[in-house]
Amino acid sequence: MHPKSKGAFYITTPIYYVNDVPHIGHAYTTIAADILTRFKRLEGYQAFFLTGTDEHGQKVEKAAQERGIDPKAHCDEMVKRFESLWQRFNISNNDFIRTTEVRHKKVVQKILQDLYDRGEIYQDSYEGWYCVPCERFWTEKDLIEGKCPDCLREVVEISEKNYFFRMSKYQSWLIEHIEKNDRFILPSSRRNEILGFLQRPLEDLCISRPKKRLRWGIEIPFDTDYVTYVWFDALINYVSGIGYGSGENSFSNLWPQAIHLIGKDILTTHTVYWPTMLNGIGLTPPKMVFAHGWWTVEGKKMSKSLQNVVEPNRLIDTYGVDAVRYFLMREVSFGMDGDFSHSAMVHRINSDLANDLGNLFSRALSMVIRYFDGNIPTPSSLKEIDQRLQEVSVKVLTQLPQQMNDLSFNKALTTLWEIVSASNKYVDETAPWSLAKEEKDQPRLSTVLYQTLESLRIIALLLAPFMPSTAEKMWSQLGMEGSLWEQNLEENVKWGGLKPGRRVAKPTPLFPRIDPTKIEKGI
RNA sequence: GGCGGUGUAGCUCAGUCGGUCAGAGCAUGCGGCUCAUAUCCGCAGUGUCCGGGGUUCAAAUCCCUGCACCGCCA
């Protein structure tokens with residue numbers, strides 16, 4: 001733990017289904033989690049970030065079968081697509097959990113056995129209709145014209161013995177928990193939805209699948225004819241991934257601070273199944289479950305049939321990692337649906353990144369090189385206008401932490417950009433190019449450029465969670481020593497951290513402007 | 001069908017407790033600067049706050065109602 005740690009933080013993404021092709025939605029959740037984690041670390045928290053893959057279930061079994069290989073071998077291959085994408089996106093996860101790992105299976109089985117021993121799991125027969133592609137049971141009245149209400153494909157009638165978790169008995173406890181904790185489910189519209197859902201009787205949860213139907217899963221420890229239902233298996237990653245049951249302190253430190261970031265499509269599993277499961281094994285629910293929205297593409301829903309699935313690797317190739325990270329966080333407020341379009345992307349890059357931030361950086365460094373031979377000047381006495389610039393940073397710093405706690409990433413970026421705008425305006429109003437013409441104005445010129453560079457240093461620090469490599473680049477070109485990541489927001493954001501006398505680098509454009517017409521053709 | 005939500009500038013949206021709340025950004029137009037990636041800065045707009053009714057000294061805000069759209073559940 002960091003010597004000055006303010007405490008623990010535990011941030012997760014869902015574990016992604018290994019058969020999926022990674023798309024913008026996966027990237028979105030993971031980038032958001034990364035940004036929150038990096039921000040918390042800069043604030044001095046010990047923040048642990050877990051992501052991973054969900055590898056069991058019928059679709060994986062079937063895909064492996066079709067390829068004529070072992071399911072595990074299939075997974076080993078598929079999981080690389082996620083791992084390499086996260087590497088490209090500069091994702092700073094502390095661990096990566098796979099549900100096929102021994103450490104995970106052991107925890108799932110331990111939990112199953114524990115619940116079974118205490119009568120929380122019982123056997124019963126189940127009759128219903130089963131949709132093979134969706135791997136879901138439906139009751140008679142769920143069906144739409146005799147077909148799966150989800151995918152409208154044929155269902156088969158099945159009657160079989162299965163194991164059930166007594167989820168229903170936790171219903172009133174769960175309602176009370178949600179009502180007492182208004183930040184447990186966010187945004188609040190999702191909280192309302194779940195409270196509405198819970199007004200109807202909650203049923204027990206079927207947590208087994210007979211091996212005759214599905215072999216690729218975690219074997220039920222007390223009945224080897226069955227494997228575990230994939231959701232029951234998958235949700236447990238959040239505790240198996242930080243050593244539940246190992247007796248280590250890290251688990252008990254981290255778990256109470258858990259924040260799950262999820263897409264709105266998996267709200268029920270995370271806010272109904274999962275908390276009741278946790279209660280069943282004597283653990284508290286996660287501190288927060290935040291459901292974000294979905295991305296449409298050029299106004300249309302993403303789908304394979306429309307062939308408009310946005311491939312994150314291709315986005316990185318076209319726009320660069322940090323620009324994509326920025327766009328996804330800046331364009332829509334977390335929790336709302338958003339639309340991805342190339343014109344919006346190019347627009348954000350050109351106006352926010354190239355014109356506002358990049359150009360500010362460029363003009364500031366250029367003047368230091370031109371007027372001071374690249375040496376950071378020593379400021380002299382401050383005028384009111386210089387003070388006002390400082391005050392903007394102070395104000396931003398008081399607002400950012402709260403906005404980040406609320407996962408209002410777009411607000412945080414808007415707030416941060418107030419320093420960018422104020423700095424551009426400051427340069428304009430102080431007109432250093434005019435000061436440079438008169439020898440007597442040298443002290444004033446020194447102050448003005450120092451103030452501008454110092455604003456940029458603070459911008460770099462606060463921007464780091466969002467755009468890590470851009471921030472590092474700014475940091476080193478500003479002549480700062482040491483790693484940006486060893487900074488602490490409380491101490492190092494204070495005005496005056498920039499060292500006079502150190503040399504700045506010749507600026508290279510942080511974000512080259514993009515010709516919109518080229519993108520239209522190229523994509 | 002039940003529950004919840006949304007409707008504000010050309011676009012995307014912010015508007016907390018009813019009282020400088022008619023706002024921001026982008027887009028558009030005009031002007032200024034020349035350090036900078038043709039970038040930056042300033043100024044200027046345009047509004048049936050979805051329609052109708054009500055409460056109030058006062059409503060974008062609260063209540064009723066109609067319409068449209070969205071989400072969850074069925």
Side-chain angles (χ1 to χ4, degrees), chain A residues 138-144 149-150 178 185 187-203 263-269 271-272 291-294 296 299 301 323 327 330-341 343-372 374 385 389 402-403 406 408 410-411 413-418 420-437 441 445 448-449 452-453 456 504 506-516:
Chain A
W138 300 99
T139 60
E140 174 92 50
K141 58 181 179 176
D142 287 336
L143 303 180
I144 295 173
D150 258 11
I178 296 170
I185 303 173
S188 56
S189 53
R190 301 296 166 197
R191 180 171 176 261
N192 282 344
E193 272 178 27
I194 291 300
L195 283 172
F197 174 80
L198 287 170
Q199 273 165 19
R200 298 180 165 276
L202 193 58
E203 290 181 5
K264 62 180 183 177
D265 50 322
I266 52 176
L267 185 67
T268 308
T269 52
T271 59
V272 179
H292 64 68
W294 276 4
T296 52
K301 198 174 165 178
F327 178 85
R330 177 63 184 80
E331 188 67 4
V332 296
S333 78
F334 205 59
M336 305 273 272
D337 288 351
D339 182 53
F340 178 88
S341 73
S343 63
M345 178 92 219
V346 169
H347 192 262
R348 283 281 174 211
I349 291 174
N350 283 350
S351 66
D352 299 1
L353 300 182
N355 295 353
D356 293 349
L357 175 62
N359 184 57
L360 171 67
F361 190 67
S362 175
R363 68 198 300 209
L365 292 197
S366 295
M367 285 189 278
V368 174
I369 287 168
R370 182 183 290 221
Y371 306 138
F372 293 98
I385 191 171
L389 181 65
Q402 186 55 49
Q403 292 169 331
D406 293 340
S408 299
N410 70 326
K411 275 192 192 166
L413 283 170
T414 306
T415 303
L416 178 48
W417 246 250
E418 287 177 25
V420 177
S421 305
S423 302
N424 267 321
K425 188 179 164 120
Y426 174 80
V427 171
D428 235 71
E429 288 176 347
T430 53
W433 51 89
S434 301
L435 297 171
K437 288 172 187 162
D441 288 331
L445 177 62
V448 163
L449 288 183
T452 308
L453 292 184
L456 279 164
V504 301
K506 190 175 177 354
T508 50
L510 295 176
F511 301 96
R513 282 181 63 84
I514 298 173
D515 180 353

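Note that the structure is a prediction, hence the values are computed from the model and not measured. Every chain is numbered from 1, with letters handed out A, B, ... down the list of sequences.
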- How long is the line joining CG of A:Asp337 and P of B:rC13, in whole Å? 10 Å
- B:rG4 - base-pair partner by Watson-Crick or wobble geometry, distances under 3.5 Å: B:rC70
- Counting heavy atoms from C-beta on, name the nucleotide in B:rC73, B:rU37, B:rG32 closest to the side chain of A:Thr268. B:rC73
- Query: Distance between the C1' atoms of B:rA58 and B:rG18, in whole angstroms?
  - Reply: 8 Å
- Would you say A:Ser366 and A:Arg370 make side-chain contact, with heavy atoms under 4.5 Å? no
- Check every strand shown and say whether A:Tyr371 touches a base, only sugar-phosphate, or nothing at a heavy-atom separation below 4.0 Å. sugar-phosphate
- Pick base, sugar-phosphate or nothing for A:Leu360, based on heavy-atom distances below 4.0 Å to the nucleic acid. nothing
- Task: Look up atom CZ in A:Arg363 and atom CG in A:Asn424, then write down how far apart they are to the nearest 0.5 Å.
- Result: 5.0 Å
- Query: For the pair made of CZ in A:Arg363 and C1' in B:rC33, what is the distance, rounded to whole Å?
  - Reply: 9 Å
- Task: For the side chain of A:His347, starting at C-beta, report the closest nucleotide among B:rC26, B:rC72, B:rU39.
- Result: B:rC26
- Sticking with atom P, work out how far B:rU28 lies from B:rA36, rounded to a whole angstrom. 25 Å
- Message: With a 3.5 Å limit on both atom pairs, tell me what B:rU46 is paired to, counting Watson-Crick and G-U wobble, or say none.
- Response: none
- Assigned glycosidic conformation for B:rC17 [threshold 90° from 0]: syn
- Length of the line joining A:Ile385:CD1 and B:rC41:P, which is rounded to integer Å: 13 Å
- Output the single nucleotide from B:rA27, B:rC35, B:rU37 whose closest atom is nearest the side chain of A:Val427. B:rC35
- Within this structure, what is the CD-to-C1' distance between A:Glu429 and B:rU34, rounded to whole angstrom? 16 Å
- Task: Please round to the nearest 0.5 Å and tell me the distance separating atom CE of A:Met367 and atom CG of A:Leu445.
- Result: 8.5 Å
- G-U wobble or Watson-Crick pairing nucleotide for B:rU56 (cut-off 3.5 Å, both distances): none
- Query: Contact class for A:Gly196 vs. all strands (heavy atom < 4.0 Å): base, sugar-phosphate, or nothing?
  - Reply: nothing
- Can you tell me the Watson-Crick or wobble partner of B:rU16, both distances under 3.5 angstrom? none
- Message: Which nucleotide wins on minimum distance to the side chain of A:Lys425, given the candidates B:rC35, B:rC41, B:rU37?
- Response: B:rC41
- Message: When the P atoms of B:rU55 and B:rA60 are compared, how many Å lie between them, rounded to an integer?
- Response: 16 Å
- Message: For B:rC21, give the paired nucleotide (Watson-Crick: N1-N3 plus N6-O4 or O6-N4; G-U: N1-O2 and O6-N3; both under 3.5 Å), or none.
- Response: none
- Item | Closest listed nucleotide, where the reference is the side chain of A:Ser366 and the choices are B:rA36, B:rG42, B:rA27 | B:rA36
- Message: Rounded at 0.5 Å granularity, tell me how far NE2 in A:His347 sits from CG in A:Leu353.
- Response: 11.5 Å
- Message: For the C1' atoms, the ones on B:rG71 and on B:rU61, what distance do you get once it is rounded to whole angstrom?
- Response: 24 Å
- Check the distance between B:rG4's P and A:Asn192's CG and give it to me in whole angstrom. 8 Å
- Task: Going by the side chain to side chain contact (heavy atoms under 4.5 Å, CB included) test, name the single residue among A:Leu435, A:Val427, A:Ile385 that passes it with A:Val448.
- Result: A:Leu435
- Rounding to a whole Å, what distance do you find between A:Asn355:CG and B:rG25:C1'? 14 Å
- Task: Grab the CE-P distance between A:Met345 and B:rU12 for me, whole Å please.
- Result: 20 Å
- Item | Atom CD of A:Glu203: over 12 foreign heavy atoms under 6.0 Å | no
- Proximal nucleotide (of B:rG32, B:rU34, B:rU37) relative to the A:Trp433 side chain: B:rU34
- Considering only atom C1', compute the distance from B:rC17 to B:rC62 and round it to an integer number of Å. 12 Å
- Work out which heavy atom in A:Ala291 is nearest to a heavy atom in A:Lys264; give both atom names and the distance. CB-CA, 4.0 Å
- Message: Give me the distance, rounded to whole Å, that separates B:rG53 from B:rA74 when you measure between the P atoms they each carry.
- Response: 40 Å
- Message: Suppose you measure atom P in B:rG45 against the same atom in B:rU65; what distance do you get, rounded to whole Å?
- Response: 40 Å
- A:Arg370 side chain: which of B:rC35, B:rU39, B:rG42 is closest? B:rC35
- As its Watson-Crick or G-U partner within any shown strand, both distances under 3.5 Å, B:rC40 has B:rG32
- What integer distance in Å separates A:Lys411:NZ from B:rA24:C1'? 13 Å
- Taking atom P in both B:rU8 and B:rG52, compute the distance separating them and give it to the nearest angstrom. 15 Å
- Could you check A:Pro509 against A:Ser333 and say which one's nearest nucleotide on RNA chain B is further toward the 5' end? A:Ser333
- Task: Kindly assign one of parallel, tilted or perpendicular to the pair A:Phe327 and A:Phe340, based on the angle between their ring planes and the thresholds 30° and 60°.
- Result: perpendicular
- Along RNA chain B (nearest heavy atom to each residue), the more 5'-positioned of A:Lys437 and A:Gly358: A:Lys437
